[in-house]
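As structure tokens, the structure follows; a few thoughts come after it.
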Number of protein chains: 2
Amino acid sequence: MKKAEETKQIILDKAYELIYSNGYNATSIDDIIHASRLTKGAFYYHFKNKEEMALAMLNDVLIPYLQETMVQPLNNTVSPADDLYGMVSYLLLDDPYFEPAFGCPLGNLIQELAPTNGSLNSALLTITNEWEEAIVKCVNHGKKTGLLKAETKAKQVATMIMSGYWGARLLGKIHASNAPYKVYLKELKQYLQSI
Amino acid sequence: MKKAEETKQIILDKAYELIYSNGYNATSIDDIIHASRLTKGAFYYHFKNKEEMALAMLNDVLIPYLQETMVQPLNNTVSPADDLYGMVSYLLLDDPYFEPAFGCPLGNLIQELAPTNGSLNSALLTITNEWEEAIVKCVNHGKKTGLLKAETKAKQVATMIMSGYWGARLLGKIHASNAPYKVYLKELKQYLQSI
DNA sequence: CAATAAACATACCAACTAGTATTTTTTTAT
DNA sequence: ATAAAAAAATACTAGTTGGTATGTTTATTG
């Protein structure tokens, strides 16, 4: 019961890669097993169907990584503005797994699947809410310590930051470049000084 | 040569509807001709292939509408902050053709097609640049009249507004609601007062 | 009111899709 | 080492995809 887990992980990793770069619908099961150097038998031994595989991919690959890079950096925050800027800046410029031309893996999936799919959506919504909650807590902590203004509305700031990040991803995609990220980050810094 | 133009328009209109709500790849030619109550013969008489049809749809349906709702409202601006807020607010809350669950038609296409497609991308990039240019001009005008701060960087503001709008669309999508729009707009108003 | 071309319909194709049934190989426990 | 079970390979199906070839109808013009 060890080798099996390995191949399962290979499938999930390759599925993540292909779905991130090409989208969910544009990634066929044949694509995934070919990239994994496996066959249909292996795929359907480990997963009931494409959707269940995608759900496992979300839970085992994408979501843990997003919690690491989007949520954890905001825990035990000292300087809210700096920590928020740092979180977004890392995601946009430094994260080794994300590329401008491919956008945000979470944003991509929401965009593509939100109108149609059911079971995948709740997983996407959950991690989105966790992210928002982390930002809200960070802002509220800053209000308590006096580093942020008392009038600042934490949820509004969270919405602003999340929206800005995802939109910047779109600009990066259409330009196939991280140049828009840098422009956005400059204005984000200005904005964070105003709250 | 009149009836033919009508059916061509029907195809483009239905294609827009289906692609907006389901995505480009998820919309088959069969879907489009069925919704148009036509057949393959009609489709391929008017268009060489799916991509050429999509390009015509962009040029004849989507882009003119976006120029109307995203670009024109910023021409001959009097109060930049109000006009920028009004443009975004209209798009998010009042536009009769856009729905929270389906996001922004332009954003959707960029998201889905940017990594892969070629010919459609330049059309998407062009209208995106037109939008940015309109915002930049609006901000620069505001700086001249003294309604906006002299230090304000027009391109940064444009990036901030575009990003925020597109990201808010994503939040609306995952929540299948316009509630995130309202939260975003409140913070946008704050932000616009700070520039 | 024909004739003729434009506009559209029908029938098809090869490639691809998710998924199944069956057989073979590989692990694992004894 | 070997039997049993797990893991993976092979071969297949029915439905869908974009696109083509060839009809048939409809509109337009002399």
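Hydrogens, waters and symmetry mates are skipped; everything else that's a heavy atom, side chains included, is used. Quantities reported herein were computed from a predicted structural model and do not represent experimental measurements. Chain naming here is simple, since letters A, B, ... match the order of the sequence lines and numbering starts at 1 in each.
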Length of the [atom1]-[atom2] vector between [X] and [N], whole Å:
X	N	atom1	atom2	value
A:Met53	C:dG19	CE	C1'	13 Å
A:Arg37	D:dA9	CZ	C1'	16 Å
B:Glu5	C:dC8	CD	C1'	15 Å
A:His34	C:dC16	NE2	P	12 Å
A:Ile33	C:dC16	CD1	P	14 Å
B:Lys48	D:dT20	NZ	P	9 Å
B:Ile29	D:dT17	CD1	P	10 Å
A:Asp30	D:dT17	CG	C1'	14 Å

When you measure from the side chain of [X] to the backbone N and O of [Y], does any donor-acceptor pair fall under 3.5 Å?
X	Y	answer
B:Ser177	B:Ala179	yes
A:Asn108	A:Gly23	no
B:Asp95	B:Tyr90	no

If only side-chain N and O atoms of [X] are considered, is one of them under 4.0 Å from the OP1 or OP2 phosphate oxygen of [N]?
X	N	answer
B:Thr7	C:dA7	no
B:Tyr44	D:dG19	yes
B:His46	C:dC8	yes

Notebook entry, point to check: Does the ring center of A:Phe102 lie less than 6.0 Å from the ring center of A:Phe98?
Noted result: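 That pair fails the under 6.0 Å test.
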Select one nucleotide: of [options], the one nearest the side-chain heavy atoms of [X].
X	options	answer
A:Ala42	D:dA8, C:dC8, D:dT20	D:dA8
B:Lys40	C:dA9, C:dA11, C:dG19	C:dA11
A:Ser28	C:dA9, C:dA18, D:dA9	C:dA18
A:Thr39	D:dG19, C:dA9, D:dT10	D:dT10
B:Asn49	D:dG19, C:dG19, D:dA9	D:dG19
B:Tyr45	D:dG19, C:dC8, D:dA9	C:dC8

Notebook entry, point to check: In terms of heavy-atom contacts, does NZ of A:Lys186 have more than 12 from other residues, nucleotides or ligands at under 6.0 Å?
Noted result: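 No - once you tally the heavy atoms of other residues, nucleotides and ligands closer than 6.0 Å, there are 12 at most.
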